[in-house]
There are 2 protein chains.
Amino acid sequence: MKEHQALDMLHALSQETRLRIVRHLVRRGEEGATAGEIGKEVNAASSRASFHLSALEHAGAVTSQRRSRNIIYRANVAKLGNMMSFLLDNCCDNHPDIRKCCLGAEACC
Amino acid sequence: MKEHQALDMLHALSQETRLRIVRHLVRRGEEGATAGEIGKEVNAASSRASFHLSALEHAGAVTSQRRSRNIIYRANVAKLGNMMSFLLDNCCDNHPDIRKCCLGAEACC
DNA sequence: TTCATAATTCAATATCTCTTGAAATGTTGA
DNA sequence: TCAACATTTCAAGAGATATTGAATTATGAA
């Protein structure tokens with residue numbers, strides 16, 4: 001993952017509504033969620049949800065697929081993993097104390 | 001770590017100059033770096049470096065300590081680890097594929 | 001004290017971001 | 001085709017952010 005991709009992803013996740021959307025979608029797993037459901041979940045008007053979903057998709061954090069009238073959004077776990085990996089390796093230089101934080105809650109600094 | 005703290009940290013890291021500052025400081029370790037050195041390293045005028053260092057410090061990503069004429073900045077690895085942990089646990093719901101990305105380059109999706 | 005150095009603060013500007021509600025688009029079922 | 005629904009796009013305004021250079025503050029050395 002290139003720096004600018006990681007920056008786009010970080011920027012996408014650094015907004016309350018968008019972070020909550022991603023959290024919801026990761027929890028939904030393969031099933032995903034429709035734009036409407038997501039909007040209700042994060043308390044956003046449809047245009048606002050759409051705006052943020054579009055930003056997340058553009059950054060690569062989520063994918064979309066039309067199913068009949070609805071559009072199903074899913075978390076892009078591969079890209080999310082790439083971003084975590086970028087942060088750990090490139091930005092944090094594989095610092096052992098930071099890496100430890102990813103091994104489990106009890107191991108974290 | 002609370003959501004709003006993680007958001008502040010993510011926002012701080014989602015900017016090219018600031019991400020590069022953090023990367024440089026993690027690599028410098030305990031020795032840290034002065035504001036002037038950092039500015040040169042990331043190709044930023046002193047006012048710009050100061051502006052971004054202040055943002056990073058406010059978000060908790062770096063610490064500062066005056067030493068004579070210089071101010072030494074260091075990465076706050078504990079807080080960086082907390083942010084990684086927040087992302088993994090809270091935002092990514094401990095998804096196994098994402099967690100795998102933190103175990104090492106070869107293990108990543 | 002006076003000077004030079006390191007860093008921050010300030011002011012101005014340009015740009016980007018978020019939010020809202022209204023309008024437009026695409027899709028299905030009657 | 002038409003009506004209803006799901007979603008996106010658009011326009012406008014408020015607010016935040018990044019950049020620059022000049023001015024200011026803090027510190028140490030002569």
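For clarity, every value in this text was computed on a predicted model and none was experimentally measured. Here is the naming used below: chain letters follow the sequence lines, and residue numbers restart at 1 for every chain.
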So, is B:Asn70 close to the C:dA7 phosphate, meaning a side-chain N or O under 4.0 Å from OP1 or OP2? yes
Between B:Arg18 and B:Ala12, is there a donor-acceptor pair closer than 3.5 Å when you use the side chain of the first and the backbone of the second? yes
Is a donor on one side and an acceptor on the other found under 3.5 Å between the side chain of A:Asn76 and the backbone of A:Gly60? yes
Can you tell me the distance, in whole Å, between the CG atom of B:Leu53 and the P atom of C:dA6? 16 Å
Quick check: on DNA chain C, is the nucleotide nearest A:Arg67 upstream (toward 5') of the one nearest A:Phe51, or the reverse? Name the residue that is more 5'. A:Phe51
To the nearest angstrom, the CG-C1' distance between A:Asp8 and C:dC16 comes to 14 Å
Please check the phosphate of D:dT20 (OP1 and OP2 only) for any side-chain N or O of B:Arg48 closer than 4.0 Å. yes
Determine the contact category for A:Ser54: base if any of its heavy atoms lies under 4.0 Å from a base atom, sugar-phosphate if only primed atoms, P, OP1 or OP2 are that close, otherwise nothing. nothing
Whole-Å distance separating the CZ atom of A:Arg66 from the C1' atom of C:dT25: 9 Å
Between B:Tyr73 and C:dA6, is there a contact of a side-chain N or O with OP1 or OP2 at under 4.0 Å? no
Expressed as a whole number of angstroms, how long is the span from B:His52:NE2 to D:dT17:P? 12 Å
Which nucleotide in C:dT9, D:dT19, D:dT7 has an atom nearest any side-chain atom of B:Ser50: C:dT9
Taking C:dA7, C:dC18, C:dT9 as options, the one with an atom nearest any side-chain atom of B:Ile71 is C:dA7
Of all the choices, C:dT8, C:dT19, D:dT7, which nucleotide is nearest to the side chain of B:Ala35 once you look at every atom? C:dT8
Closer than 3.5 angstrom, by distance alone: can the side chain of B:Glu37 be matched with the main-chain N or O of B:Thr34 as a donor-acceptor pair? yes
Without swapping roles, check the side chain of B:Ser50 against the backbone of B:Ser47 for a donor-acceptor pair under 3.5 Å. no
Just compare D:dT9, C:dT9, D:dT7 and give me whichever is closest to any side-chain atom of B:Ser47. C:dT9
Expressed as a whole number of angstroms, how long is the span from A:His11:NE2 to D:dA16:P? 14 Å
Return the nearest nucleotide to the side chain of A:Ser68; candidates are C:dC18, C:dT28, D:dA18. C:dT28
Looking only at side-chain atoms of A:Arg69, point me to the closest of C:dA7, C:dG21, D:dA6. D:dA6
Hey, which of A:Arg99, A:Met1, A:Met84 is the one that makes side chain to side chain contact (heavy atoms under 4.5 Å, CB included) with A:Asp89? A:Arg99
Spacing between B:Leu19 atom CG and D:dT17 atom C1', to the nearest angstrom: 17 Å
Between P on C:dT9 and NE2 on B:His58, what's the gap in Å once rounded to a whole number? 12 Å
Once you round it to whole Å, what is the distance between C1' of D:dT7 and CD1 of A:Ile72? 12 Å
